[in-house]
**Student:** 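Just passing along the structure, written as structure tokens.
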Amino acid sequence: MSENINTLLKESRVYQPSAQTKAAAYIQDYESAYKQSIADPEGFWSNVAKELEWFTAWTKVLEWNYPWAKWFVGATCNIAYNCLDRHVKTWRKNKVAIIWVGENDQERIITYGELYRQVNRCANGLKKLGLQKGDRVTIYLPKVPEQIVAMLACARIGVIHSVVYSGFSAPALANRIQDAEAKLVITADVGFDRGKVFNIKSVVDQAVANSPTVEHVVVLRRQTPGVTLATPKEIDWHDWLKAEKAVCEAEHLDAEHPLYILYTSGTTGKPKGVVHVHGGYMVGTYITTKYVFDLKDDDVYFCVADPGWVTGHSYIVYGPLLNGATILTAEGKPDYPNPGRWWDLIERYGVSIFYTTPTAIRLLMRYGEDWPKKYDLSTLRILGSVGEPINPEAWEWFHRATGENKPIMDTWWQTETGAIMITPLPTVPLKPGSATRAFLGIEADVVDSQGNSLPANTGGFAVIKKPWPAMMRTIYKDPERYKTYWNTIPNCYAAGDICHKDENGYLWFMGRADDVIKVAGNRLGTAEVESALVSHHAVAEAAVIGKPHKLVGESIKAFIILKQGEVESHALIQSIKDQVLKELGKIGVPSEIDIVSSLPKTRSGKIMRRVLKAKELGQDPGDISTIED
Ligand code: WT7
């Protein structure tokens, strides 16, 4: 941990905001807004909080008892109330909240008024099953509106939701149900994926068989005839709610009352249950959605995530609904039934804000630029990326394919941070591959293992220096594990990512600290080497690992996927190595390159390098419950 990380990649392109982007933006001058926010962070956050509704006001903005934070101390609020009641009291009552498109193109359009009624019915249904404030409910649903309804219904009455992505296996689900001691599981009969039907209910059956805390299972039946239910434990979603009233008072909750647990995988050991709370999380997701995406009432906002991941929690459900936005959410994959799927949805619904991932962009890149060209994408005005470093090659492609003049918000954050931390705002000049600067009120830095700030262009650890409202409050039932985030580097929250700042203070994420490769005394981040590999015209995707090497400590091994139509050859491998040599110099060139047809990824699209490494070295890969294949 003591040595710094070498930075090899030099990216010099800068994109200035267009006149149109500037004219629209809430934040005209990032520099002065940032300075002001940092001079008085508590003042900044409390002003943001005042844009929302509280049942009773706070007596203190922050109580910081290292590493434990309480925000908006003494206040009562309810995030679901702010997502719904605040809007149905206004003209937004009949504004579209959710446009949902099924994989088979089925369409459901739900207004704020209708969502409010559905959520209230569901909240009353939860009460009828005996659920009380503080109880846990596991939601294991495919991407259907009921997933959002169930989340908000829990929040409304102070029940803590634990959403589990519906691709998880029975043991992974059981583990999460048991850790949370959930009393209720909400699920569906089936989900759809690339034209195939997959049985969700049977996974739940297996998981629940070993989970004694579960009293009921609610099943959303999408197929006819419906699956048989083992009553009275199993209840049909519609039967459950048909007699319920559409009115249910929102619980007045302490600002620090837990909103949800979301399990995220650790490198080793069991998944961590990240806990977020009503008050601070509401403030953080609200303002980041508003400023980063410059969200306005006439926008149509499309985030491709699944609510089963934190991106879905913060930027499909809570952030956008807090802002009264119209959200498009679609079941299915970007290349089914064809690679025009998302472009088609953007054209059809006039999407103006589009938030996606580098993995998805690289997937669509493989099919070429003709696909986006077939569609009218002129309604788009702000783009977003999240989940991994976006390599400049993918950034440029995304920028070009969507019409050259739309700013890309490369948003860096984590399940643990709750909300976006490092990001451009639409008026900030962009450098492809950099997540640019800290969000307002956030103090970020790049430091060595002792917490000393590093000079420009020296790689080190990405840290956050002060608490922020949307930060996780603990790891469920494991406070010791929570403390490690704040104990690894003195006086900082250590994200576990490596990063460098350039001469303009722009941050460049270089991969996970766990994945750093050490070649002849040089410590390299995976992102730079992978980015250099992908800058070769024949390479679609790349992952690199370090392999023990007698002479140089570690040597670099690369796994790459070729673009459609490219054929493996000795000459091709050599030209790929030459490309890396040109981009990074000798030190970054992989000594081995394997051509593969797929890479191990999490279901949210992140490459699992440690799985590649374990396989290569014949070791145990650790927790692989989140792996896609
Ligand atoms: C890790 C957090 C945050 C929502 C989705 C993932 C990586 C995330 C970026 C970005 C470089 C990024 C980091 C981070 N990451 N966004 N824009 N640039 N790296 O949430 O599963 O909690 O993963 O994803 O390594 O630590 P998560």
Side-chain angles (χ1 to χ4, degrees), residues 9 11 163 165 262-267 271-276 281 284-285 288-289 292 303-319 355-361 383-392 394-395 398 408-424 430-439 444 446 459 461-464 470-472 475 485 488 493-500 506-516 525-528 530-531 543 601-610 623 625-628:
L9 194 71
E11 176 61 51
V163 179
Y165 177 64
L262 182 57
Y263 289 90
T264 179
S265 71
T267 323
K272 303 181 262 195
V274 171
V275 176
H276 285 291
Y281 179 81
T285 54
T288 47
T289 310
V292 174
C303 168
V304 303
D306 186 296
W309 308 117
V310 77
T311 306
H313 281 61
S314 299
Y315 297 106
I316 292 180
V317 183
Y318 292 110
Y355 194 21
T356 183
T357 65
T359 298
I361 295 166
L383 307 171
S385 168
V386 63
E388 285 176 284
I390 178 167
N391 48 295
W395 197 105
F398 193 29
I408 301 174
M409 304 299 109
D410 175 5
T411 63
W412 178 93
W413 58 294
Q414 306 178 297
T415 305
E416 294 89 336
T417 70
I420 294 170
M421 304 294 280
I422 313 290
T423 180
L430 303 174
K431 302 188 189 186
S434 169
T436 77
R437 308 281 298 275
F439 186 75
V446 179
F461 301 99
V463 296
I464 309 296
M471 64 191 261
M472 69 165 157
I475 299 290
Y485 287 86
T488 312
Y493 169 87
D497 279 18
I498 55 167
C499 184
H500 73 268
Y506 277 44
L507 292 155
W508 297 78
F509 284 89
M510 300 158 73
R512 298 286 300 167
D514 297 340
D515 294 333
V516 163
T526 50
E528 291 191 334
E530 289 163 4
S531 177
K601 285 190 180 168
T602 63
R603 284 159 228 264
S604 58
K606 274 202 227 317
I607 298 169
M608 297 176 87
R609 293 173 192 79
R610 67 183 166 82
D623 173 27
S625 64
T626 56
I627 205 165
E628 168 100 40

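When reading the values below, keep in mind they use all heavy atoms of this one structure, side chains included, and skip hydrogens, waters and symmetry mates. For ligands, and for the atoms within them, numbers begin at 1 and follow the listed sequence.
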**Student:** Quick one: look up the protein heavy atom nearest atom 13 (C) of ligand 1 and list residue, atom name and how far away it is.
**Tutor:**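 The answer is Asp497 OD2, 2.8 Å.
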**Student:** Of Met471, Gln414, Glu416, which meets side-chain contact (heavy atoms from CB on, under 4.5 Å) against Val274?
**Tutor:**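 Going through Met471, Gln414, Glu416 one by one, the side-chain contact (heavy atoms from CB on, under 4.5 Å) with Val274 is satisfied by Glu416 alone.
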**Student:** I'd like to check which ligand 1 atoms, numbered from 1 as shown, lie under 4.0 Å from a non-hydrogen atom of Arg512.
**Tutor:**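 So the atoms of ligand 1 that pass are 25 (O), 26 (O).
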**Student:** For atom 2 (C) of ligand 1, what is the nearest protein heavy atom, given as residue, atom name and distance?
**Tutor:**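 Nearest neighbour among protein heavy atoms for atom 2 (C) of ligand 1, to 0.1 Å: Trp413 O, 3.6 Å.
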**Student:** Would you give the length of the straight line joining atom CD1 of Ile607 to atom OG1 of Thr359, rounded to the nearest 0.5 angstrom?
**Tutor:**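 Reported value, rounded in 0.5 Å steps: 6.5 Å.
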**Student:** Do the ring planes of Trp413 and Tyr315 sit parallel (below 30°), tilted (30 to 60°) or perpendicular (above 60°)?
**Tutor:**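 Judged by the thresholds at 30° and 60°, the geometry between Trp413 and Tyr315 is perpendicular.
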**Student:** Pick whichever of Gly387, Ala513, Gly511, Ser434 has a heavy atom sitting closest to atom 8 (C) of ligand 1.
**Tutor:**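 Among Gly387, Ala513, Gly511, Ser434, the closest heavy atom to atom 8 (C) of ligand 1 comes from Gly387.
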**Student:** Rounded to the nearest 0.5 Å, what separates atom NZ in Lys272 from atom CG in Leu262?
**Tutor:**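 One gets 12.0 Å once the value is rounded to the nearest 0.5 Å.
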**Student:** Closest non-hydrogen protein atom to atom 4 (C) of ligand 1, residue and atom name please, with distance?
**Tutor:**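 Scanning the protein heavy atoms, the shortest distance from atom 4 (C) of ligand 1 goes to Thr311 OG1, 3.2 Å.
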**Student:** I'd like to check which ligand 1 atoms, numbered from 1 as shown, lie under 4.0 Å from a non-hydrogen atom of Thr415.
**Tutor:**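 Answer for ligand 1: 20 (O), 21 (O), 22 (O), 27 (P).
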**Student:** Nearest 0.5 Å, please: how far is CD1 in Ile420 from OG1 in Thr311?
**Tutor:**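 That separation rounds to 8.5 Å.
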**Student:** Rounded to the nearest 0.5 Å, what separation is found between the CG atom of Leu383 and the CG atom of Leu430?
**Tutor:**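 If we round to the nearest 0.5 Å, Leu383:CG and Leu430:CG are 10.0 Å apart.
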**Student:** What is the minimum heavy-atom distance between Glu388 and Pro358, and which atoms define it?
**Tutor:**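 Scanning both residues, the minimum pair turns out to be O-CG, 3.5 Å.
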**Student:** Please list the nearest protein heavy atom to atom 24 (O) of ligand 1 with its residue and the distance rounded to 0.1 Å.
**Tutor:**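 Of the protein heavy atoms, Lys606 NZ, 3.0 Å lies nearest.
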**Student:** Among all protein heavy atoms, pick the one closest to atom 10 (C) of ligand 1 and tell me residue, atom and distance.
**Tutor:**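 I find the closest protein heavy atom is Glu388 O, 3.3 Å.
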**Student:** Near Val310, which atoms of ligand 1 are under 4.0 Å from a heavy atom of that residue?
**Tutor:**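 Atoms satisfying the 4.0 Å criterion: 4 (C).
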**Student:** List every atom of ligand 1 that sits less than 4.0 Å from any heavy atom of Asp410, numbering the atoms from 1 in the order shown and giving each element.
**Tutor:**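 By the 4.0 Å cutoff, the relevant atoms are 10 (C), 17 (N), 18 (N).
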**Student:** Show which atoms of ligand 1 fall inside a sub-4.0 Å distance from at least one heavy-atom site of Thr411.
**Tutor:**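 Heavy-atom distances to Thr411 below 4.0 Å select 9 (C), 10 (C), 16 (N), 17 (N).
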**Student:** In terms of ring plane angle, is the pair Tyr318 and Tyr281 parallel, tilted or perpendicular, where the classes change at 30° and 60°?
**Tutor:**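 Rings of Tyr318 and Tyr281: perpendicular, over 60°.
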**Student:** So which heavy atom in the protein is nearest atom 11 (C) of ligand 1, and how far is it from that ligand atom?
**Tutor:**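 The closest heavy atom on the protein side is Pro389 N, 3.1 Å.
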**Student:** Would you mind listing which atoms of ligand 1 come within a distance below 4.0 Å of any non-hydrogen atom of Phe509?
**Tutor:**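 Listed by number with element, the hits are 11 (C).
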